[in-house]
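In what follows, a structure is listed as structure tokens, so that the remarks can point back to it.
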Amino acid sequence: MAPDIGLRGGVGLTLQGYEGGVLERSAVLELSIGTVLYPRVRAAIARSAHVGVPTPSDRVDLVWTTGRASLCGAPGWLHRHHISLCASASVGALDATVARPGGPERSLLWVTAGPMAVLDIELGWRLGLQIEAGLSIPALRDRFFFEPGRPLYEAPLASPFIGMTFVSHFFQSGR
């Protein structure tokens, strides 16, 4: 008998620990295989709301854009509780724009990796809710300077995050 294969996707919100708390909107696509360790691959794209940071001469708007890939799985006893453990990697851009019209813009690329856990809650006919939490650890810890000698943003040693995604089952074999 072939293993069950599932495809689902959805939209969600994540609170990231970038600059205090930063809210991201995301879209997620997930492929799962019903075999030992219940593996699944998740891909997400996210964009944060604008975060205003004052500088001595002006205000700068920061926006994070993120692409995230995760490989998840769970031994049977965790799977029975609808929990998966994941290894996640992200690549993204931090964009900074001076708030005045025609103000200068700069971007900084970044890469992170870290652990994550996902709790699945079935809501009924083909719908579900995923609660996720984890840490993003920068592969390159960097500072973003916008004015000489003044760091506008410095990547923390680790950024915690927590989020929720509403998902719909697009396809599920074996049902």
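Just so it is clear, the model here is predicted, and its values are computed rather than measured. Positions are given from 1, in the same order as the sequence printed here.
Residues Phe161 and Leu15 have side chains not in contact (no heavy-atom distance under 4.5 Å, counting atoms from C-beta outward). With a 4.5 Å cut-off on side-chain heavy atoms, Ile33 and Asp4 do not count as touching. Under the 4.5 Å side-chain criterion, counting only non-hydrogen atoms from C-beta, His82 is not in contact with Ile121. With a 4.5 Å cut-off on side-chain heavy atoms, Ile45 and Arg68 do not count as touching. The closest side-chain heavy-atom distance from Leu71 to Arg42 is not below 4.5 Å. A 4.5 Å side-chain heavy-atom check between Leu129 and Met164 finds at least one atom pair inside the cut-off. A 4.5 Å side-chain heavy-atom check between Tyr38 and Leu78 finds every atom pair outside the cut-off.
Side-chain contact, Ser32 with Arg40: no donor N or O sits under 3.5 Å from an acceptor N or O. Between Glu122 and His169, the side chains place a donor N or O and an acceptor N or O closer than 3.5 Å (distance only, hydrogens not considered). Side-chain contact check for Ser107 and Asp95: at least one donor-acceptor pair (N or O, by modelled atom type) lies under 3.5 Å.
For the pair Arg8 and Phe171, the cation-pi criterion (under 6.0 Å, within 45° of the ring axis) is not fulfilled.
Scanning all heavy atoms of the two residues, the minimum distance from Leu29 to Phe170 falls at CD1-CE1, 4.0 Å. In plain terms, the two heavy atoms of Thr65 and Trp110 that are nearest each other are O-CZ2, 4.0 Å. Nearest heavy atom pair, residue Gly17 against residue Ser159, reads O-OG, 3.6 Å. Closest heavy-atom contact between Leu85 and Ala117: CD2-CB, 4.2 Å.
Considering CD of Glu132 and OG1 of Thr165, their distance stands at 5.0 Å, rounded to 0.5 Å. With rounding to the nearest 0.5 angstrom, the CG atom of Leu62 is 12.5 Å from the CZ atom of Arg106.
A donor-acceptor pair under 3.5 Å is formed between the side chain of Ser48 and the backbone N or O of Trp64. With Thr112 contributing its side chain and Ser136 its backbone, the two residues share no donor-acceptor pair below 3.5 Å.
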Pairs of donor and acceptor atoms involving the side chains of residues 20-28, under 3.5 Å and at least two apart or interchain, shall be tabulated with distances.
from: Glu24; atom 1: OE1; to: Gln16; atom 2: NE2; distance (Å): 3.2
from: Glu24; atom 1: OE2; to: Tyr18; atom 2: OH; distance (Å): 3.2
from: Glu24; atom 1: OE2; to: Thr66; atom 2: OG1; distance (Å): 3.3

Original post:
Would Val118 and Ile131 count as a side chain to side chain contact (heavy atoms under 4.5 Å, CB included) if you check the C-alpha gap in whole Å, the side-chain angles of each, and the deciding distance to 0.1 Å?
Top reply: CA-CA 6 Å; Val118 179; Ile131 307 292; over 6 Å; no
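Applying the side chain to side chain contact (heavy atoms under 4.5 Å, CB included) test to Ala158 and every residue at least two apart in sequence or in another chain returns Leu135, Ile137. For Arg126, there are no side-chain hydrogen bond (donor to acceptor under 3.5 Å, both in side chains) partners at least two apart in sequence or on another chain.
Remark: of the listed residues Leu13, Leu127, Leu123, Leu123 is the sole one forming a side chain to side chain contact (heavy atoms under 4.5 Å, CB included) with Phe166.
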